[in-house]
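A short worksheet on the structure shown next.
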Amino acid sequence: MADDSGLAVDVLNGMPGVFSARWSGRHGDDAGNLNLLLAQIFDVSDPHRSAAFICSAVLVLPDGREFTVEGDMRGRLIRAPRGRGGFGYDPIFVPEGRPRTSAELLPSEKDAISHRGRRSGPWPR
């Protein structure tokens, strides 16, 4: 089984995508990644700051069967970080239909709408 997830920013043609954790050059530099992304879209108007967290997972069984599922959480990017929870880009990501950033949501609220919890495609039974 393998999975990966990342933030896909529409005006950046889906980037940083799988490079989300190392967008600023060093893996896991959350502050550096967030600040670089904000700098790259600083002149983008609010209506065009759409993005999505996307997760893909693949399971290959010993008999050769393969299953792929994807989940996403659409939203928009704000101009300055808000909130203390979450990690990565959560402080600038406002999920669709929510007034707060992912970093301002309770863990249970975020888990209920997260790209890791929502999926399309069948899991094997």
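What you see below is based on every heavy atom in this structure, not just the backbone, and it leaves out hydrogens, waters and symmetry mates.
A pairwise comparison of heavy atoms in Leu38 and Pro81 identifies CD1-CD, 4.2 Å as the closest pair. Residue Leu12 comes nearest to Gln40 through the heavy atom pair CD1-OE1, 4.2 Å, listed as atom of the first residue, atom of the second, then distance. The minimum heavy-atom distance linking Ala57 with Met1 is given by the pair CB-CE, 4.4 Å. Closest of all the heavy-atom pairs between Met73 and Phe93 is O-CZ, 3.2 Å. Pairing each heavy atom of Arg100 with each of Glu109, the nearest pair is NH2-OE2, 2.7 Å.
Rounded to the nearest 0.5 Å, atoms CE (Met15) and CG (Leu37) are 11.0 Å apart. Atom CG of Asp4 is separated from atom SG of Cys55 by 7.5 Å, given to the nearest 0.5 angstrom. Of the inter-residue distances, the one linking Leu77 atom CG with Asp46 atom CG reads 10.0 Å to the nearest 0.5 angstrom. With values rounded to the nearest 0.5 angstrom, Thr101 atom OG1 is found 7.5 Å from Asp90 atom CG. Interatomic distance, Glu104 CD to Ser102 OG, rounded to the nearest 0.5 Å: 9.5 Å. The OG atom of Ser5 sits 12.0 Å away from atom CD of Glu70, with the distance rounded to the nearest 0.5 Å.
Judged by distance alone, with hydrogens and angles left aside, the side-chain atoms of Ser20 form a donor-acceptor pair with the main-chain N or O of Leu7 at under 3.5 Å. Distance alone, capped at 3.5 Å, is enough to place a donor-acceptor pair between the Arg49 side chain and the Ile78 backbone. Side chain of Asn33 to main chain of Tyr89: no donor-acceptor pair is present (N/O by atom type, distance under 3.5 Å, no hydrogens or angles). Put simply, the side chain of Arg76 never gets that close to the backbone of Pro47: no donor and acceptor are under 3.5 Å apart. Side-chain atoms of Asn35 do not come within 3.5 Å of backbone N or O of Gly32 as any donor-acceptor pair.
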Output, in order, the C-alpha distance, side-chain angles, deciding distance and verdict of side-chain contact (heavy atoms from CB on, under 4.5 Å) for Ile113 and Arg98. CA-CA 10 Å; Ile113 61 171; Arg98 307 286 175 173; 2.9 Å; yes

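You'll find the side chain of Leu36 stays beyond 4.5 Å of the side chain of Pro16, heavy atoms only.
Applying the salt bridge (Lys or Arg N to Asp or Glu O under 4.0 Å) definition to pairs two or more places apart or across chains, those involving residues 6-33 are Asp10-Arg74.
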